[in-house]
Colleague: 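Quick one: the structure is below, questions incoming.
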Amino acid sequence: MNILLISSLLGAFVLQVASSKESVKVSVSVWPPGSNIYLDESVLLHCTVDSNSSFVWRFQWFRHKPHPASTPNPRHLVSGDSYSITAVTREDEGSYQCQVEQRERNISSVVLLSQPVNLRVSDMPPPSLTLTPSSRHIFRGESFSLQCPGSQTSSSGWTLRRFPPGPTVRRRRVYTDWCRPLGGAGSADQPDTCVFNAAKETSGLYWCEGAEGRSNAVSMAVSYDSIILRTPASPVFEGDAVSLICQYWTGNNRKTIFFKNGAQILASTSSISGRQIKMTIENVTQEDEGFYKCASTDRQMESPESWLSVRPERGNATTTDGTAASTDMTEDFIPTKGISW
C-alpha cells in the first residue's frame with residue numbers, strides 16, 4: 001500500500017508517497033456494533049491500527065469532514081484511540097474518522113486515515129437494559145446488577161456483552177458469554193440478570209443482544225478514588241425533582257460543594273449520612289442538563305464529572321419534524337427508560 005511521508009528538510013516540509021514494507025491498516029469500530037445508535041445511550045468509537053510494528057501511534061479524530069474534532073460538545077470525549085459519546089442526541093449523527101501518525105526521530109511521519117463510519121440515530125426506542133443502582137459511577141466493592149430485556153418482555157435468548165476499556169489495542173476484546181465469564185453471577189430471583197461486585201475489570205460498556213436486535217448501551221465506571229457523584233443514569237423529565245448524591249469512600253464529610261459544567265453552584269444540601277451528601281433540584285428544566293461534580297470544601301477530594309440528561313415533559317414531547325406530539329404519541333418517541341453513559 002502507499003503511505004504519506006512528511007519529511008523536514010532545512011526547515012521546509014516535503015510531501016512524498018512511498019511504498020510501505022508491510023501492510024498497515026487503520027479502521028474505526030463502533031461499540032455497540034452497528035451504524036444505528038439510540039437516543040440517550042452511550043457509544044464508543046475505537047480506532048485500531050493493524051500493524052506488526054511496535055511504533056507508538058498518535059491519534060486524531062475527525063467528524064463530518066476532515067477537520068480536527070476539538071470536541072466542543074461536552075458529551076463528546078476524545079482519549080487517544082477512543083471517541084466516546086455520552087447521552088446520544090440527534091445532533092450526534094454524521095461521519096467519523098480516525099487519523100493515525102507515526103513519527104520517527106521528529107523527522108518524518110507516516111499518516112494514515114481510516115474509512116469513515118456513519119452513525120444514524122434511530123427514532124424508535126430500543127429494548128431496555130436496566131442498571132441497578134441507576135448510577136454511572138460506583139465504588140469498588142459495591143454491588144450492581146444488569147438486567148437484559150428478556151425478563152421484561154417474557155422473551156428469551158438475550159446475551160449480555162461488554163467492551164472493557166484497556167490501555168492497548170491488543171488487550172481489547174469483546175466478552176460474549178453469560179454472567180460468569182463477565183465476572184458476575186446469575187440472579188436466582190430475576191432471570192436475565194447478572195450481579196457484579198464492582199472492580200476494575202467490571203468497568204466498561206454493556207449492552208444485550210438477542211433475536212430482536214440489541215438493547216441500549218450503558219457505561220459503568222468503577223472508582224478507586226475517595227469520592228464519586230451519583231446522578232441518574234437514565235434521563236429525567238422536566239418538572240421532576242432530581243437528587244444528586246455526593247458519596248465519600250470513608251469519613252465524615254458534611255461540608256461539600258457542587259459544580260455544574262466546571263462552575264460552583266449555590267445549592268441547598270442535606271446529609272443522608274456522614275458519607276453521603278444530597279443536593280436536590282426541584283422542578284428540573286432542560287437548562288439543568290450538564291456535567292456535575294462534587295468536592296470537599298478544601299478541594300482535596302473531587303469527584304469525576306457525571307452527566308445529567310433532561311428531557312421534555314412527558315406530555316409535551318415533539319415529533320422529529322418539531323411539531324407538538326399528542327400524549328398518545330409521547331411513548332413512541334421518548335426512549336424507553338434505559339441506561340446511558
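When a residue number appears, it is its place in the shown sequence, counting from 1.
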Colleague: Say you draw a straight line from CG of L44 to OG of S29; how long is it, rounded to the nearest 0.5 Å?
Modeller: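 These two atoms lie 7.5 Å from each other.
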
Colleague: Do the side-chain N and O atoms of Y96 and R63 include a donor-acceptor pair separated by under 3.5 angstrom?
Modeller: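 A donor-acceptor contact under 3.5 Å links the two side chains.
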
Colleague: Check for me, please, whether L182 and L146 land in the same ILVMFWY cluster - side-chain distances under 4.5 Å, paths through other members count.
Modeller: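 Same hydrophobic cluster.
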
Colleague: Which heavy atom in F291 sits nearest to a heavy atom in P74, and how many Å separate them?
Modeller: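 Heavy atoms only, the tightest pair is CE1-O, 2.8 Å.
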
Colleague: Test: disulfide bond (SG atoms under 2.5 Å apart). Region: residues 250-309. Which pairs qualify, not counting sequence neighbours?
Modeller: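 For residues 250-309: C246-C294.
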
Colleague: Answer yes or no: is there a donor N or O on one side and an acceptor on the other, between the side chain of E93 and the main chain of V121, under 3.5 Å?
Modeller: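 Between the backbone of V121 and the side chain of E93 there is a qualifying donor-acceptor contact (under 3.5 Å).
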
Colleague: Going by heavy atoms in the side chains, are V24 and V110 under 4.5 Å from each other?
Modeller: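 With C-beta onward as the side chain, the pair stays apart.
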
Colleague: Give the C-alpha distance, both sets of side-chain angles, the deciding distance and a yes or no for side chain to side chain contact (heavy atoms under 4.5 Å, CB included) between L113 and V26.
Modeller: CA-CA 7 Å; L113 186 65; V26 57; 5.8 Å; no

Colleague: Under a 3.5 Å cutoff, is there a donor and acceptor pairing between the side chains of S134 and R230?
Modeller: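 No, no side-chain donor-acceptor contact under 3.5 Å.
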
Colleague: Could you tell me how the ring of F196 sits relative to the ring of F144: parallel (under 30°), tilted (30 to 60°) or perpendicular (over 60°)?
Modeller: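 Parallel.
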
Colleague: Considering all heavy atoms of both residues, which atom of F59 and which atom of G80 are nearest to each other, and what is their separation?
Modeller: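 Taking every non-hydrogen atom into account, CB-O, 3.3 Å.
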
Colleague: Considering all heavy atoms of both residues, which atom of G213 and which atom of W158 are nearest to each other, and what is their separation?
Modeller: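 Closest approach of G213 to W158, heavy atoms only: O-CZ3, 3.6 Å.
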
Colleague: Side chain to side chain contact (heavy atoms under 4.5 Å, CB included) between L45 and W31: does it pass, once the steps are laid out?
Modeller: CA-CA 6 Å; L45 305 179; W31 302 100; over 6 Å; no

Colleague: So, R162 versus Y206: side-chain donor-acceptor pair below 3.5 Å or not?
Modeller: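 Yes - a donor-acceptor pair under 3.5 Å links their side chains.
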
Colleague: Check the side chains of S303 and Y292 for a donor-acceptor pair under 3.5 angstrom, ignoring hydrogens and angles.
Modeller: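 The answer is no; no qualifying pair exists.
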
Colleague: Under 3.5 Å, is there a donor-acceptor pair linking the side chains of Q97 and Q60?
Modeller: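 No, no side-chain donor-acceptor pair sits under 3.5 Å.
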
Colleague: If you measure from the Lys or Arg side-chain nitrogens to the Asp or Glu carboxylate oxygens, is any gap between E41 and R214 under 4.0 Å?
Modeller: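 Result for this pair is yes, salt bridge flagged.
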
Colleague: Is the number of heavy atoms from other residues, nucleotides or ligands within 6.0 Å of CD (E287) greater than 12?
Modeller: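 Count not over threshold, so no.
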
Colleague: Quick check: are there more than 12 heavy atoms from other residues, nucleotides or ligands sitting under 6.0 Å from NZ of K260?
Modeller: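 Yes, NZ of K260 has more than 12 neighbouring heavy atoms, counting only those of other groups under 6.0 Å.
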
Colleague: Is the shortest heavy-atom distance from the side chain of L205 to the side chain of P32 under 4.5 Å?
Modeller: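 Yes; the side chains approach each other to less than 4.5 Å.
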
Colleague: Heavy atoms only: give me the nearest V117-V28 pair and the separation to one decimal.
Modeller: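 What the structure gives for the nearest pair is CG2-O, 3.5 Å.
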
Colleague: Ignoring hydrogens and geometry, is there a side-chain-to-backbone donor-acceptor pair from E289 to Q286 under 3.5 Å?
Modeller: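 Judged by distance alone, no pair lies under 3.5 Å.
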
Colleague: Tell me whether K293 is salt-bridged to E302, with the criterion being a basic N under 4.0 Å from an acidic carboxylate O.
Modeller: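 The answer is yes: the pair qualifies as a salt bridge.
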
Colleague: What pair of heavy atoms forms the shortest contact from E212 to P127, and how long is it?
Modeller: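 Looks like OE1-CG, 4.3 Å.
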
Colleague: Can we say K255 and D298 salt-bridge, meaning some charged N sits less than 4.0 Å from an Asp/Glu carboxylate O?
Modeller: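 No, this pair does not count.
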
Colleague: Look only at the side chain of S215 and the backbone of C208, and say whether a donor-acceptor pair between them is shorter than 3.5 Å.
Modeller: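 Side chain of S215 to backbone of C208, a donor-acceptor pair under 3.5 Å: yes, one is there.
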
Colleague: Hydrophobic clusters here meaning ILVMFWY residues chained together by side-chain heavy-atom distances under 4.5 Å, can you tell me if W249 and I277 are in one?
Modeller: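 In one cluster with W249: I277, no.
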
Colleague: Would V284 and M279 show up in the same hydrophobic cluster when neighbours are defined by side-chain heavy atoms closer than 4.5 Å?
Modeller: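 V284 and M279: one cluster.
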
Colleague: For S143, is there any backbone N or O sitting under 3.5 Å from a side-chain donor or acceptor partner on N197?
Modeller: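 Absent.
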
Colleague: Nearest 0.5 Å, what's the NZ-CD1 distance between K278 and I272?
Modeller: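 Taking NZ in K278 and CD1 in I272, the distance rounds to 5.0 Å.
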
Colleague: List the steps and the verdict of side chain to side chain contact (heavy atoms under 4.5 Å, CB included) for T297 and T256.
Modeller: CA-CA 6 Å; T297 52; T256 300; over 6 Å; no

Colleague: Measure the shortest side-chain to side-chain distance between D92 and R75 over non-hydrogen atoms and say whether it is less than 4.5 angstrom.
Modeller: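 Touching, per the 4.5 Å side-chain cut-off.
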
Colleague: I need the minimum non-hydrogen distance between S145 and T193, along with the two atoms involved.
Modeller: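 Shortest heavy-atom separation between S145 and T193 comes out as CB-CG2, 4.0 Å.
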
Colleague: Is the shortest heavy-atom distance from the side chain of R90 to the side chain of R120 under 4.5 Å?
Modeller: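 They are not in side-chain contact.
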
Colleague: Are F139 and I245 joined in one hydrophobic group, where the rule is that I, L, V, M, F, W and Y side chains link up if heavy atoms are under 4.5 Å apart?
Modeller: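 As far as the 4.5 Å side-chain criterion goes, I245 and F139 are not connected within one cluster.
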
Colleague: Could you verify whether a donor N or O on one side chain and an acceptor N or O on the other, from E209 and W207, lie under 3.5 Å apart?
Modeller: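 Looking only at side-chain atoms, W207 and E209 do form a donor-acceptor pair, the distance falling under 3.5 Å.
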
Colleague: When clusters are formed by joining ILVMFWY residues with side-chain heavy atoms under 4.5 Å apart, either directly or through shared neighbours, do Y38 and V310 land in the same one?
Modeller: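 No, because Y38 and V310 fall into different hydrophobic clusters, even though each may have its own neighbours under 4.5 Å.
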
Colleague: Show your working on side chain to side chain contact (heavy atoms under 4.5 Å, CB included) between R136 and T231 and close with a plain yes or no.
Modeller: CA-CA 7 Å; R136 296 184 181 94; T231 61; 4.0 Å; yes

Colleague: Would you confirm whether D225, through its side chain, and I227, through its main-chain N or O, come within 3.5 Å as a donor-acceptor pair?
Modeller: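 A pair under 3.5 Å: no.
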
